> 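Just passing along the structure, written as structure tokens.
Here the structure is a predicted model, which is why all the values come from computation and not from measurement. Below, chains carry the letters A, B, ... as their sequence lines are ordered, and counting in each starts from 1.
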Amino acid sequence: MSIVSILQKSTIESLSALYNQSFTEKDFQINQTKPEFEGDYTVVMFALVKSLKLSPDAIGNQLGDHLTKNYPQYFSAYNIIKGFLNLTVADAYWQELLNKNYNDICYGKKEMNGKKVMVEYSSPNTNKPLHLGHLRNIFLGWSVAEILKANGYEVVKSCIVNDRGIHICKSMIAWHLFANGATPESTGIKGDHFVGDYYVKFNDAYKAEVEKLVSEGVDKATAEKEAPIMKATQQMLLDWEDGKPEVMELWKTMNGWVYDGFDVTYKNIGADFDKIYYESDTYLLGKDIVKQGMDKKVFFQKEDGSIWIDLTNDGLDEKIVQRKDGTSVYITQDIGLALQKYEQYGIDQSIYVIGNEQNYHMKVLQLICQKLGMPNADNIYHLSYGMVELTSGKMKSREGTVVDADDIVDEMITTSAQHTEELGKVKDFTADELKELYNTIGLGAMKFYLLRVDPKKTMVFNPTESIDFHGFTGPFVQYTYARIKSILRKQSDSGQLAVGIDQMSSNLLKPEKDVIVAAEQFPLMIEQAAQEHNPSVIANYVFHLAKTFNSFYSELSVANAETEEKEQLRLRISLLTANILKSGMQLMGIKVPERM
RNA sequence: GGUCUGGUAGCUCAGCUGGAUAGAGCAUCAGCCUUCUAAGCUGAGGGUCAUUGGUUCGAAUCCAAUCCAGAUCACCA
């Protein structure tokens, strides 16, 4: 149990003993004591004043007295300042916490709880390579999956690949027209980029055709419809739906190139999936559901034959679920897939990592699932994240301001290599070791930068800032870890960690205690991060712990401690910190190096 | 126009289930490497928490209105 819970419980018990009144945790507030005051945790008295009809200071005195007398193993001293009861937590508590957990690499993680969650993330189109926005999505999805695992959930990581449709046909047509049989192999271009280039070529050609038509006197709307390349694309989509062999062949080949490219990127950044869905398999799902929905009178048909749902009572509009020609729309297959996920995996919760531009869509999807009575509809959760913008504004593919995922990752790794070489601390590393280190640092910087911000907020990507390795960054935390490992290596050589220190003869010094206090909060942070589906909780925490440790490191020596006992204590503090930094970073998909 | 987000230091962000003098990092300035890794540490300056009203012993935090920015409201996906 955390010290905050202990304090809550014992305060409730004390208040009941003192005043014969019962309270709950919600009746008073507990905060960490501000550094300028004496104490570790603070009970705020004001909320109790009304029901107890006593002054804040009077309650504080009686409560502080009672707590220190009856729970001496937890609270050793108190003071009252302006209605705030500041309690000093007994060294024995911190001591015990440290001794119990210092060597536990699973510290903070929970037992399996028997619940299953699916996290869907990444979900790319197969007509262009991944970009910075996908990276935020992927890192978020992966991290949330890890955080849920740490909280005891079984997690299935999934991905829906948008591999069909008019936009895919665009790059196919462009390849057909302009490639002269070129392939990724023949050009040496990575498959996803190769296909993406033809998507761009399509748009260029299309634009030129439209302009030409307009200059010939055709009005713009007609020109956009009648441009030959667009008509060819639409024909290709029909051919695809008919399963025309040569179209299917081209489609498979080009998607294959894209998947080869994606695989490389995923591997580089350490992303993976347990289940991949393809839209070409799922796009017909949901047709049965439309029928069922009609029977249940959830849906209704208009005179032209199209099928709709009326969501006006829920503050939304009417939404189409099937076109008048009987084909299904985007949301219909989503309903089908939502049900399929549940049927295949029996998941208790279904998380969708999707940008906030689809808030409306996801709200509609959940409402429809609920109205259809789908078993887990209430447990659909849209992890809605904000767009990544540049300092110059939004990324726009048409203006070529999109930051490519492979490019930015390469850049981060190159920068980490330069930086590491300048510092010259790992000159004895082999080429392979160096490569691994550069990857660890570069990717660590990248992931930390994207995960440290609250997911739901729009964030600004500043290239210069993102490759900074100082301060609130991944490399800072990695560096702190490497420093600790350096201490531990030296000490374990001399077998130091064997000696017990269950009884301390001297008090904890401030820097020592600060680190333990921070370490004690790790389990709460894992819980909070899971509740909020928010990896930035972990990023902020891990940074705070690393910072606290660095202060400790600069003020006190482990190797040359005043006494044997202090040396042991500090070794344990160091080991505990290292373990937490490692598992905390792991929750964000970031590795930590033994040396850097 | 309807709905939903957001507005905190020069910049990027914490804090938002109400509590003490609003915190970090970057940038700027001043110190600290003969002692466990200076990718570090210590300190300084920097704020009308968009604005106005309300609720409260107490508001960056809750409520209302206003201003500003963004998203969305397709028989597109």
Side-chain angles (χ1 to χ4, degrees), chain A residues 26 29 31 33-34 36-37 42 44-47 49-50 56 81-84 86 125 162 164-168 279 283 302 304-308 315-317 319-325 327-331 333-334 355-361 363-364 384 386-387 389 391 394 416 419-420 422-423 425-426 441 445 449 452-454 456-462 464-466 468-480 482-491 536-537 539-540 543-544 546-547 549-561 567 570-571 574 595-596:
Chain A
K26 291 194 173 130
Q29 229 177 60
N31 304 326
T33 305
K34 299 231 161 198
E36 55 267 37
F37 303 104
T42 296
V44 184
M45 301 284 80
F46 300 106
V49 167
K50 230 176 216 166
I81 296 165
K82 294 197 295 182
F84 294 85
N86 304 319
N125 292 332
N162 301 113
R164 51 137 254 135
I166 191 80
H167 52 298
I168 306 300
E279 197 192 321
Y283 83 110
K302 291 199 175 175
D304 65 1
S306 58
I307 298 176
W308 297 70
L316 307 176
D317 302 322
K319 180 87 187 172
I320 191 161
V321 294
Q322 191 174 93
R323 299 188 183 97
K324 64 184 171 201
D325 62 9
T327 56
S328 55
V329 293
Y330 183 56
I331 198 153
Q333 52 180 299
D334 277 349
N356 62 12
E357 74 243 320
Q358 296 206 40
N359 283 355
Y360 183 81
H361 175 81
K363 206 169 165 183
V364 170
S384 159
M387 297 293 103
E389 295 181 357
T391 34
K394 292 183 181 177
S416 76
H419 216 75
T420 305
E422 275 166 33
L423 292 171
K425 294 180 185 177
V426 288
I441 298 173
Y449 185 82
R452 67 181 204 185
V453 181
D454 187 335
K456 59 178 177 290
K457 290 199 175 172
T458 303
M459 67 175 289
V460 176
F461 180 82
N462 181 332
T464 16
E465 194 184 290
S466 70
D468 189 357
F469 294 165
H470 304 268
F472 188 17
T473 66
F476 173 93
V477 180
Q478 291 172 324
Y479 173 73
T480 309
R483 251 181 162 185
I484 297 175
K485 292 309 279 209
S486 173
I487 300 175
L488 295 176
R489 266 194 303 276
K490 285 176 183 154
Q491 298 303 310
S536 79
V537 169
N540 279 288
F543 172 66
H544 168 72
K547 220 161 80 83
F549 183 86
N550 279 328
S551 291
F552 160 87
Y553 179 94
S554 68
E555 283 180 65
L556 301 169
S557 174
V558 178
N560 301 312
E567 185 176 341
R570 289 176 198 165
L571 273 172
S574 304
R595 287 176 56 197
M596 69 186 274

> Nearest-Å distance, OH (A/Y330) to P (B/U72)?
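Distance check: A/Y330 OH to B/U72 P gives 14 Å.
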> A/K324 NZ to B/C75 C1': how many Å, rounded?
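The distance from NZ of A/K324 to C1' of B/C75 comes to 7 Å, rounded to the nearest Å.
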> Calculate, to the nearest 0.5 Å, the distance between atoms CG and CD1 belonging to A/L571 and A/I487 respectively.
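One finds 8.0 Å between CG of A/L571 and CD1 of A/I487.
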> Quick one: label A/T42 by what it contacts on the DNA or RNA (base, sugar-phosphate, nothing), any heavy atom closer than 4.0 Å.
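Base, at least one base atom sits under 4.0 Å.
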> Within the pair A/K34 and B/A20, is there a side-chain N or O less than 4.0 Å away from OP1 or OP2?
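For A/K34, the contact criterion (side-chain N or O under 4.0 Å from OP1 or OP2 of B/A20) is met.
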> Determine the Euclidean distance between corresponding C1' atoms of B/A24 and B/G47; express it in Å to zero decimal places.
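B/G47 and B/A24 have their C1' atoms separated by 15 Å.
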> Is the shortest side-chain N/O distance from A/K547 to OP1 or OP2 of B/G25 below 4.0 Å?
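Yes, A/K547 has a side-chain N/O under 4.0 Å of OP1/OP2 on B/G25.
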> Considering only side-chain heavy atoms of A/V460, which listed nucleotide, B/A14, B/C13, B/C41, is closest?
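In terms of side-chain proximity for A/V460, the closest of B/A14, B/C13, B/C41 is B/C13.
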> For A/N125, answer base if it contacts any base atom (sugar-phosphate contacts may also be present), sugar-phosphate if it contacts only those atoms, and nothing otherwise; contact means non-hydrogen atoms under 4.0 Å.
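Contact class for A/N125: none.
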> On a whole-Å scale, what distance lies between the C1' atoms belonging to B/G19 and B/U61?
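11 Å, rounded to whole Å.
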> Would you please confirm or rule out a distance under 4.0 Å between OP1 or OP2 of B/U21 and any side-chain N or O of A/K82?
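For B/U21, OP1 or OP2 has a side-chain N or O of A/K82 closer than 4.0 Å.
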> Please determine whether any donor N or O and acceptor N or O are separated by less than 3.5 Å between the side chain of A/T458 and the base of B/A71.
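No pair found.
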> Do A/L423 and A/H419 have side-chain heavy atoms sitting under 4.5 Å apart?
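The answer is yes; the side chains approach within 4.5 Å.
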> B/C36, OP1 or OP2 - any side-chain N/O from A/R570 closer than 4.0 Å?
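False: A/R570 side-chain N/O out of range (4.0 Å or more) of B/C36 OP1/OP2.
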> B/A27 C1' sits how many Å from A/D468 CG, rounded?
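Rounding to the nearest Å, CG of A/D468 and C1' of B/A27 are 10 Å apart.
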> By centroid distance (under 5.5 Å) and plane angle (under 30°), are A/F543 and B/A24 in a stacked arrangement?
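The base of B/A24 is not stacked with A/F543 (the test needs centres under 5.5 Å and planes under 30°).
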> If you compare all heavy atoms of A/A546 against all heavy atoms of A/F476, which two are closest, and at what distance to 0.1 Å?
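Closest pair (atom of A/A546, atom of A/F476, distance): CB-CE2, 3.6 Å.
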> Tell me yes or no: between the side chains of A/D334 and A/H361, is some donor less than 3.5 Å from an acceptor?
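Their side chains do contain a donor-acceptor pair, which is all the 3.5 Å distance test asks for.
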> Is B/C29 in the syn or the anti form, by the rule that syn lies within 90° of 0?
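Anti.
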> Using atom P in both nucleotides, what's the gap between B/G18 and B/C63 to the nearest angstrom?
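Looking at atom P only, B/G18 and B/C63 are 11 Å apart.
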> Could you tell me if the side chain of A/W308 sits less than 4.5 Å from the side chain of A/V321, heavy atoms only?
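A/V321 does not reach A/W308 side chain to side chain.
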> What integer distance in Å separates A/N31:CG from B/U21:P?
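It is 13 Å, rounded to the nearest whole Å.
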> Between A/K457 and B/A14, is there a contact of a side-chain N or O with OP1 or OP2 at under 4.0 Å?
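Yes, A/K457 has a side-chain N/O under 4.0 Å of OP1/OP2 on B/A14.
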> Starting at NE2 of A/H419 and ending at P of B/U37, how long is that distance when rounded to a whole Å?
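Distance, rounded to whole Å: 18 Å.
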> OP1 or OP2 of B/U42 less than 4.0 angstrom from a side-chain nitrogen or oxygen of A/S551, does that happen here?
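Affirmative; the distance criterion is met.
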> Quick one: is the NZ or CZ of A/R452 closer than 6.0 Å to the six-membered ring centre of A/F543, and within 45° of its axis?
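Output no; distance or angle outside limits.
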> I want to check one thing: is the phosphate of B/G18, taken as OP1 and OP2, less than 4.0 Å away from some side-chain N or O of A/Q29?
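Indeed, a polar side-chain atom of A/Q29 lies that close.
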> To the nearest angstrom, how far is A/E555 atom CD from B/G40 atom C1'?
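Rounding to the nearest Å, CD of A/E555 and C1' of B/G40 are 13 Å apart.
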> If you define the side chain from C-beta out and look only at heavy atoms, does anything of A/K456 sit under 4.5 Å from A/N356?
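Result no, sub-4.5 Å side-chain heavy-atom pair not found.
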> Is A/F37 stacked on the base of B/A20, meaning ring centres closer than 5.5 Å and planes within 30 degrees of each other?
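Yes, the aromatic ring of A/F37 stacks with the base.
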> In whole angstrom, give me the gap between the C1' atoms of B/G15 and B/A20.
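Those two atoms are separated by 15 Å.
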> May I ask you to say what A/L556 touches in the nucleic acid, namely base, sugar-phosphate or nothing, with a heavy-atom cut-off under 4.0 Å?
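Result for A/L556 = base.
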> Check the distance between B/C57's P and A/F84's CZ and give it to me in whole angstrom.
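In whole Å, B/C57 P and A/F84 CZ are 16 Å from each other.
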> Provide, to the nearest angstrom, the distance between the CG atom belonging to A/N550 and the P atom belonging to B/C32.
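Roughly 20 Å, once rounded to whole Å.
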> Measuring from the side chain of A/V453 (C-beta onward, heavy atoms only), which nucleotide among B/C75, B/G40, B/C13 has the closest atom?
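Given the options B/C75, B/G40, B/C13, the side chain of A/V453 is closest to B/C13.
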